[in-house]
Amino acid sequence: MTDIQNKLAILEKARKLKLLILDVDGVLTDGRLFFDAEGNEYKSFHARDGHGIKLLRQTGVEVAVISGRKSNSVALRMKNLGIEHVYQGHENKIAAFNEIIELMGITPEQAAHVGDDLLDLPIMIRVGLAIAVNDANFAVKQRADWCTTLPGGQGAVREVCDFIMQAQGRFDDILNAYLTRESTK
């Protein structure tokens with residue numbers, strides 16, 4: 001397959017999407033884990049990723065999170081973003097994936113998954129569009145349909161959201177809504 005044919009195939013897969021599934025550590029965060037002296041865990045999320053998720057959801061594409069780890073900060077951030085399908089502490093992510101697909105009444109081909117490490121591969125090989133962040137493990141990048149230009153936790157999720165909205169012809173509507181807003185001053 002030529003490079004152009006590959007790009008067209010990826011666009012076609014993105015047009016069909018109704019669900020974007022995200023890993024957390026290494027995708028929504030840069031993968032680093034911070035702990036204080038009492039063992040409390042802290043994570044850093046990129047604001048643009050969150051805004052991209054909100055915009056994508058406005059276009060009708062649902063977003064879900066499946067993470068191998070469990071963290072209160074993840075639960076709080078996902079609640080703030082309005083994400084209902086949040087599965088934490090699932091090292092075997094397939095059960096969560098199957099449950100989400102069934103609840104939404106969609107096929108695996110209508111889902112995309114963004115991952116960075118080997119735990120993500122079982123879902124990535126089942127979805128319609130497999131995406132790796134730029135700094136993902138080499139084996140994950142080799143099996144991805146597309147790799148972001150940005151690393152995890154540094155705007156990669158926003159890049160994915162913008163790409164999906166563009167592929168589905170919805171980005172211009174989102175952009176125009178901002179360009180035509182009236183000043184409140």
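Residue numbers count from 1 along this sequence.
Residues in residues 65-83 take part in these salt bridge (Lys or Arg N to Asp or Glu O under 4.0 Å) pairs, two or more places apart or across chains: Asp25-Arg69, Glu41-Arg69. Among pairs with a residue in residues 122-149, those fulfilling salt bridge (Lys or Arg N to Asp or Glu O under 4.0 Å) read Lys13-Asp145, at least two apart in sequence or across chains. Within the structure, side chain to side chain donor-acceptor pair (under 3.5 Å) contacts touching residues 154-168 (residues at least two apart or in different chains) are Thr149-Glu159, Arg158-Asp162, Gln168-Arg170.
Counting heavy atoms from C-beta outward, Met165 and Leu55 have side chains that approach closer than 4.5 Å. When side chains are defined from C-beta on, Thr148 counts as touching Trp146, because their heavy atoms get closer than 4.5 Å. Within the 4.5 Å cutoff, the side chain of Val74 has heavy atoms near those of the Lys43 side chain. Taking the side chain as every heavy atom from C-beta outward, Lys16 and Glu109 never approach each other to under 4.5 Å. Side-chain contact between Phe163 and Leu56: absent, with no pair of heavy atoms (C-beta onward) separated by less than 4.5 Å. Leu19 has its side chain out of reach of Leu17: every pair of non-hydrogen atoms, C-beta onward, lies at least 4.5 Å apart.
A distance of 11.5 Å separates CD1 of Ile174 from CG of Leu179, quoted to the nearest 0.5 Å. Separation of atoms OG (Ser71) and CD (Gln88) is listed at 6.0 Å; rounding is to 0.5 Å. Atom CG of residue Asn137 and atom CD of residue Gln142 lie 8.5 Å apart, to the nearest 0.5 angstrom. Rounded to the nearest 0.5 angstrom, Ser44 OG and Asp30 CG are separated by 6.5 Å. The structure places SG of Cys161 at 12.5 Å from NZ of Lys54, a figure rounded to the nearest 0.5 Å. Between atom CZ of residue Arg57 and atom CG of residue Leu81 there is a gap of 8.5 Å, rounded to the nearest 0.5 Å.
Of the possible donor and acceptor atoms, one in the side chain of Asp36 sits under 3.5 Å from a partner among the backbone N and O of Asn40. Under a 3.5 Å cut-off, the side chain of Asn176 and the backbone N or O of Asp172 do form a donor-acceptor pair.
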Show me the donor-acceptor pairs, under 3.5 Å and distance only, between side chains in residues 114-123 and residues at least two apart or in other chains.
unit_1, atom_1, unit_2, atom_2, d
Asp120, OD1, Lys93, NZ, 2.7
Asp120, OD2, Asp116, N, 2.9
Asp120, OD2, Asp117, N, 3.1

Could you go through residues 96-104 and list every donor-acceptor pair under 3.5 Å that involves a side-chain atom there, pairing it with any protein atom two or more places apart or in another chain?
unit_1, atom_1, unit_2, atom_2, d
Asn98, ND2, Ile94, O, 3.4
Glu99, OE2, Tyr87, OH, 2.9

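Note on Leu150: it does not cluster hydrophobically with Val27, by side-chain heavy-atom contacts below 4.5 Å among ILVMFWY residues. Ile83 and Ile21 end up in different hydrophobic clusters when Ile, Leu, Val, Met, Phe, Trp and Tyr side chains are linked at under 4.5 Å.
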Side chain to side chain contact (heavy atoms under 4.5 Å, CB included) between Leu28 and Met78, intermediate numbers included: CA-CA 11 Å; Leu28 281 166; Met78 297 312 113; 3.9 Å; yes
Candidate pair Val140 and Met124, rule side chain to side chain contact (heavy atoms under 4.5 Å, CB included), full reasoning: CA-CA 9 Å; Val140 174; Met124 290 178 71; 3.6 Å; yes
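Here the closest non-hydrogen pair linking Ala156 and Asp49 is N-OD1, 3.7 Å. In plain terms, the two heavy atoms of Val133 and Pro151 that are nearest each other are CB-C, 4.4 Å. Of all heavy-atom pairs between Ala14 and Ile164, the closest is O-CG2, 4.3 Å. Across all their heavy atoms, Ala111 and Val127 have their closest contact at O-CB, 3.3 Å.
A side chain to side chain contact (heavy atoms under 4.5 Å, CB included) with Leu22 is found for exactly one of Ile66, Val160, Ile53, namely Ile53.
Through direct or indirect side-chain contacts shorter than 4.5 Å among Ile, Leu, Val, Met, Phe, Trp and Tyr, Ile125 is connected to no other residue.
By the neighbour-count criterion of 12 heavy atoms within 6.0 Å, atom CZ of Arg32 is sparsely surrounded, having that number or fewer from other residues, nucleotides or ligands.
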